[in-house]
Amino acid sequence: MDYQFRDIEKRWQKFWAENQTFKVDNSSAKPKYYVLDMFPYPSGAGLHVGHPLGYIASDIFARYKRLKGFNVLHPMGYDSFGLPAEQYAIQTGQHPAITTETNINRYREQLDNLGFSFDWSREVRTSDPDYYKWTQWIFMQLFNSWYNLESNKAESIDELIKIFENSGTAGLKAVCDDDVCIFSAEEWKELPDTEKQTELLKYRLTYLRESTVNWCPALGTVLANDEVKDGYSERGGYPVEQKKMMQWSMRITAYADRLLQGLDGIDWPDPLKEMQRNWIGKSVGALVRFGLTPGSYPGSLSFGEGRGEAFIEVFTTRVDTIYGATFLVIAPEHEYVAGLTTPEQETEILNYIDQTKKKTELDRMADTKTVSGAFTGSYARHPITNEPIPIWIADYVLAGYGTGAVMAVPSGDQRDWLFATKFGLPIVAISDAQTNLDKEADSTKEGHYINSGIINGLKYKEATTTLITKLEELGAGKAKVNFRLRDAIFGRQRYWGEPVPVYFKDGLPYLIDREDLPLVLPEVDKYLPTESGEPPLGRADNWKYKDDLEYELSTMPGWAGSSWYWYRYMASQEDRKQDTFAPAEAISYWKDVDLYIGGSEHATGHLLYSRFWNKFLKDLGYVVEEEPFKKLINQGMIQGRSNFVYRIIDEEGRGTNKFVSNGLKSQYTTSALHVDVNIVMNEILDLEKFKAFRPEFANAEFILENGKYICGVEVEKMSKSKFNVVSPDDIIERFGADTLRMYEMFLGPLEQSKPWNTNGIEGVFKFLRKFWKLFHDDEFNFNVSDEEPSKAEYKALHKIIRKVEEDIERFSFNTSVSSFMICVNELTDLKCNKRKILQDLVIVLAPYAPHITEELWSLLGNAPGKLSVAAYPQFNPEYLVENEFSYPVSVNGKTRMNLNISLSLSQAEVEEIIHANEDLKKYLEGKNIKKIIFVKGKIINLVV
RNA sequence: GCUCGGAUGGUGGAACUGGUAGACACGCAGGACUUAAAAUCCUGUUCGCCCUAAAGCGAGUGCGGGUUCGAUUCCCGCUCCGAGUACCA
């Protein structure tokens, strides 16, 4: 029989499922290897051909590692909470759980058709109560923890209470809110319980606090920073505004430094690490206080009382430029603005604030060129020179970063320079290396300081340390590290997410008892906010803890369930009966993910949150590794490739039913129409299928070139409306899963983005048929010989054994597909049907094309299903040893001819051959050979 | 603006530490088999020059320069495309 891929693939997929071929144990004499894919959100559209790219790569890797003798954990699951199912529920009333279930079944079918070697017994679904029980449990651990900067890790809140009881806040180094109280042990003990709880909330790693959030009215929920793109929601593209709300947050900032440092030790793509570094945004600098002498401003600022004079605190990364600070700028939202504004300036300031408020986030971003601001009328004192410094407000200073106030150094900072120039403020040079100050600012760190009091004549490094010491002496400043990273908002006013396991008493949040987990999502009549604007959970009947206390109505964000899921996979079905998210033995066996494959769009979301939760769980001793994902590969995005037909437009500008081929379209007035890519092959339109594509095309006429209708091409996002979605199901139906797997790899480097193009898939299909043919005679009878292979046959085999090893280890899957083709072409030419060659070749190819190789493996008489645990053949370099090499001989770097020369010869002997060679003479034309470059096994180059 | 990628035939791409540029495949052209088509197989296919072929010559990895016996690969300067990020003090 010819290669019957449909029958073979179905049969082996069934065999693997029935025999649980890829089920893995949590213990083994073999070394462990954990290969993980980013689990999908099961969307209603199903998988398109771009989705499996990463899964195919990871499956090849997992299968290869099994052959190499590893105990491989390779699981799959679903990130099944999310907005689309809920939006669908709002429109149709269908419960999101039902939609999700349907979509998951469809995904599963599609994944099964690709022949992946997942251990499905370990599947997880984040929306499953047995799973989100543990998401809620982790939330509870975070609530019960604080971050101790002394030990530099998270500790139990009970420890903090003990500290308060023993010594109050004295000497405490903790990550906490800015407004924590200072108290002694005695004062603490005197506090009523509600106040104790209020205070503790300021330390908890997940906490409730009034904060400015990204509110999306259209979605009716808050969004995290990474879910907002250019002022619009990432999902749906709705406008997002800033709003103050009581919100659950995660104190990820406590881990900022560890998240930054951890990047150095992990094998991730550099651009991705760089994105995380930028997102964390560490800047090293100083906090400096500019004093406000009582009477120098009109308002009565109460903030300084009892603690010395009032001051404005600024953050700067260039404390060395402090002598160049000629004014201060504070954000329009800064809390002192009202207190600092003099009566004369009041109108101007109020106008300016008004103006700023009207600007949307987007305007503010787009319009970075216009300089605007207003003078408060008040002055602060320079901390070192005591000179009076005017205080301005301007919207280029952001309330949310640093202290919301900056010292403006117009000679060293371009924005400050523009501001000073516009408003006529002084620009003072501070370095002898500064040039062109009348044209622009110069932020150089070179040169020696001038006009700079105690640092005159010094260079950058000494100046900085000198100043910080001085400021500390004066009590006017200190070194400070600032991060751009904000705490992560954790609540969503949505239905389809994990309920927060919290109830309220006297307005304060308390955790439910652990025994009451999971807190199961209640039924609601509608998936919309309540009439009073409460989240959908407010609609649930009797949604009260112990029938009495109000539950939290927000649910958790999409990233909650995905921030720890790789640990749940470590728990087998048996393990999941235990009362733990994963047994300690399983965690200490699997430890971490050795290889993680997924898209780079998760750089500042999932991949950062996961690292945060992992570090937290490590602090508490539940997991063993500081970093969860040792090696990470970003697969490229597969874009769509749209095809177009060109409809001719008549004189009146109406579309006709006549279509012109791409090459001739310039001779007519046309409009381009998307045409379904599935009826186009190699840009040639299938005319009959086109006529059937839509009723109005049934009588379409065509103007052809060379008898064919050639379509236009453009690269766009893959989407239904562009008719460029290619489904893996169709490809598998036509060519089989093995062909699809190999073709997706053959398309190009894994990490590179590329448009999907079905042109060329036949090359891979032909390859598999040729491979099948090696094992069969012309009548397709299985025909394998036990004869001893020739040297050439061994050579072909061992070349591929080594090549595939090298390629897989460096994730270069496309090149090994080429090499397989070369190998099969060679063996076909050699008419090789020797078992000793073919059996090993079956093993080497198995990770790429698992179905056809399983079939041939059992046809060769081996135990069915044991291919996946066969041993990868041992590479023997002896078969590749050559004693002659065809040297390219070049003259002045230009290759002229090839010469077969024994590899054992020395340079002197080779030179002799060169000098004696007649054919070379014509290239020399009497010129003298100055030098002969000879690289053994590579090249001979004559310099003349 | 800043950061990070990338640019090689008609197309996808290969060339791993500087050593024969264009592997492998698609497409295209021609041929064999066939009544015909499909399938399969064979030959050619970077561009230019030479009537054609063989042979040969010249150019050639976005552009300009450099290092080197030798550069797709290393260095400097630019152009274009893509991604991320943005008054971050």
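Lettering follows sequence order; numbering is per chain, from 1.
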Undergrad: When we call it a touch if two heavy atoms are under 4.0 Å apart, what does A/Lys273 touch: a base, just sugar-phosphate, or nothing?
TA: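 The residue A/Lys273 makes no contact with any strand.
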Undergrad: Rounding to an integer number of angstrom, what distance separates B/A38 and B/G31 when you compare their P atoms?
TA: 14 Å
Undergrad: Tell me whether the side-chain N/O atoms of A/Asn634 come closer than 4.0 Å to OP1 or OP2 in B/A83.
TA: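 So the side-chain polar atoms of A/Asn634 never come under 4.0 Å of the phosphate oxygens OP1 or OP2 of B/A83.
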Undergrad: Are A/Phe61 and A/Phe811, when compared by the centres of their aromatic rings, separated by less than 6.0 Å?
TA: yes
Undergrad: Which heavy atom in A/Ile800 sits nearest to a heavy atom in A/Phe820, and how many Å separate them?
TA: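 Smallest heavy-atom distance, with atoms named: CD1-N, 3.5 Å.
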Undergrad: Which part of the nucleic acid does A/Val406 contact within heavy-atom distance under 4.0 Å: base, sugar-phosphate only, or nothing?
TA: base
Undergrad: Using the side chain to side chain donor-acceptor pair (under 3.5 Å) criterion, which residues pair with A/Glu809? Sequence neighbours excluded.
TA: A/Tyr64
Undergrad: Would you please indicate yes or no on a ring centroid separation below 6.0 angstrom for A/Phe771 and A/Tyr3?
TA: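 Not under 6.0 Å, so no.
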Undergrad: Starting at atom OH of A/Tyr396, determine the distance to atom P of B/A86, rounded to an integer number of angstrom.
TA: 20 Å
Undergrad: Nearest-Å distance, CG (A/Leu942) to P (B/U68)?
TA: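 To the nearest whole Å, that distance equals 20 Å.
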Undergrad: If you look at every strand shown and take non-hydrogen atoms under 4.0 Å, does A/Ile933 touch a base, only sugar-phosphate, or nothing?
TA: base
Undergrad: Just to verify, what does A/Gln907 make a side chain to side chain donor-acceptor pair (under 3.5 Å) with, not counting sequence neighbours?
TA: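 For A/Gln907, the residues satisfying side chain to side chain donor-acceptor pair (under 3.5 Å) (neighbours in sequence not counted) are A/Glu911.
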Undergrad: Nearest heavy-atom pair of A/Val824 and A/Thr828: which atoms, and what distance?
TA: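 That would be O-OG1, 2.6 Å.
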Undergrad: Of A/Gly763 and A/Gln752, whose nearest nucleotide on RNA chain B comes first from the 5' end?
TA: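 It is A/Gln752, whose closest nucleotide lies nearer the 5' terminus.
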Undergrad: Just the dot-bracket of RNA chain B, please: which string comes out with Watson-Crick or G-U pairs under 3.5 Å, [ ] for crossing, | for another strand?
TA: (((((((..(((......[....)))((((((.......))))))((((......))))..(((((..]....))))))))))))....
Undergrad: From the set B/C16, B/A14, B/C88, return the single nucleotide nearest to any side-chain atom of A/Pro749.
TA: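 Minimum distance to the A/Pro749 side chain belongs to B/A14.
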Undergrad: I want to verify the glycosidic state of B/G5; is it syn or anti under the 90° rule?
TA: anti
Undergrad: What is the nucleic acid contact for A/Pro271, judged by heavy atoms within less than 4.0 Å: base, sugar-phosphate only, or nothing?
TA: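 Sugar-phosphate contact only - A/Pro271 comes under 4.0 Å of backbone atoms but never of a base.
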Undergrad: Which nucleotide in the set B/A89, B/G19, B/C88 lies at the smallest distance from any side-chain heavy atom of A/Asn941?
TA: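 Of the options given, the side chain of A/Asn941 lies nearest B/G19.
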Undergrad: For the residue pair A/Phe765 and A/Phe5, is the inter-centroid distance of their aromatic rings smaller than 6.0 Å?
TA: yes
Undergrad: Side chain of A/Lys770 only, please: which of B/C88, B/A89, B/C41 is the nearest?
TA: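 Shortest atom-to-atom distance from the side chain points to B/C41.
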Undergrad: Given the P atoms of B/C49 and B/G44, what is the spacing between them in whole Å?
TA: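 Looking at atom P only, B/C49 and B/G44 are 22 Å apart.
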Undergrad: May I ask you to evaluate whether A/Arg484 reaches the phosphate of B/A89, defined as a side-chain N or O under 4.0 Å from OP1 or OP2?
TA: no
Undergrad: Between A/Asn278 (CG) and B/C87 (P), how many Å, whole number?
TA: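 Whole-Å distance recorded here is 13 Å.
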Undergrad: With rounding to the closest Å, how many angstrom separate the P atoms on B/A21 and B/U46?
TA: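 Straight-line distance between the two P atoms is 14 Å.
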Undergrad: CG of A/Asn678 to CG of A/Asn724: how many Å apart, nearest 0.5 Å?
TA: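 Interatomic distance, A/Asn678 CG to A/Asn724 CG, rounded to 0.5 Å: 9.5 Å.
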Undergrad: Work out how far the C1' atom of B/C76 is from that of B/A71, and round it to whole angstrom.
TA: 15 Å
Undergrad: Closest to the A/Glu274 side chain: B/U20, B/C24, B/U3?
TA: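 Output: B/U3.
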Undergrad: Quick one: A/Asp2 CG to B/A38 C1', roughly how many Å, whole number?
TA: 14 Å
Undergrad: Taking only the C1' atom of each, what is the distance from B/C63 to B/U45 in whole angstrom?
TA: 28 Å
Undergrad: Any donor-acceptor pair under 3.5 Å between the side chain of A/Asn814 and the base of B/C24?
TA: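 Absent.
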Undergrad: Considering only the P atoms, how many Å lie between B/C4 and B/C78, rounded to the nearest integer?
TA: 15 Å
Undergrad: NA contact type, A/Lys931, heavy-atom cut-off 4.0 Å: base, sugar-phosphate, or nothing?
TA: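 No contact at all - A/Lys931 keeps every heavy atom at 4.0 Å or more from the nucleic acid.
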Undergrad: From CG of A/Leu750 over to P of B/A14, roughly how many Å is that when rounded to an integer?
TA: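 Spelled out: CG on A/Leu750 to P on B/A14 is 12 Å.
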Undergrad: Which of these nucleotides, B/C24, B/G13, B/U85, is closest to any side-chain atom of A/Phe746?
TA: B/C24
Undergrad: I'd like the P distance from B/G62 over to B/G13, given in whole Å.
TA: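 Straight-line distance between the two P atoms is 14 Å.
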Undergrad: Using the C1' atom in both, what is the distance from B/G12 to B/G18, to the nearest Å?
TA: 27 Å
Undergrad: I want to verify a distance call: between B/A89, B/U20, B/C87, whose nearest atom is closest to the A/Asp395 side chain?
TA: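 Ranking B/A89, B/U20, B/C87 by closest atom to the A/Asp395 side chain puts B/C87 first.
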Undergrad: In this structure, how many angstroms lie between the P atom of B/A86 and the CZ atom of A/Arg486, rounded?
TA: 13 Å
Undergrad: Which one, B/C69, B/A23, B/C16, comes nearest to the side chain of A/Ile822?
TA: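 Among the listed nucleotides, the one closest to the side chain of A/Ile822 is B/A23.
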Undergrad: Counting the atoms with a prime plus P, OP1 and OP2 as sugar-phosphate, which does A/Asn482 contact under 4.0 Å by heavy atoms, base, sugar-phosphate, or nothing?
TA: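 The residue A/Asn482 makes no contact with any strand.
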Undergrad: Measuring to OP1 and OP2 of B/C26, would you say a side-chain N or O of A/Lys766 lies under 4.0 angstrom away?
TA: yes
Undergrad: Please report the C-alpha distance between A/Phe419 and A/Phe327 in whole Å, then the side-chain angles of each, then the deciding distance to 0.1 Å, and finally whether the ring pair (Phe, Tyr, Trp, His ring centres under 6.0 Å) criterion is met.
TA: CA-CA 10 Å; A/Phe419 197 86; A/Phe327 56 103; 5.5 Å; yes
Undergrad: With nearest nucleotide decided by heavy atoms, which residue, A/Ser818 or A/Asp270, maps closer to the 5′ end of RNA chain B?
TA: A/Asp270
Undergrad: Measure from CE on A/Met275 to C1' on B/A86 and round the result to the nearest Å.
TA: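 Taking CE of A/Met275 and C1' of B/A86, I get 14 Å after rounding.
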Undergrad: Look at the side chain of A/Glu806 and decide which nucleotide, out of B/A39, B/C16, B/A89, has an atom nearest to it.
TA: B/C16
Undergrad: Supply the atom-to-atom distance A/Arg318 CZ to A/Ser283 OG, rounded to the nearest 0.5 angstrom.
TA: 13.0 Å
Undergrad: Give the rounded distance in Å between these two atoms: NZ of A/Lys938 and P of B/G18.
TA: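 Taking atom P of B/G18 as the reference, NZ of A/Lys938 is at 10 Å.
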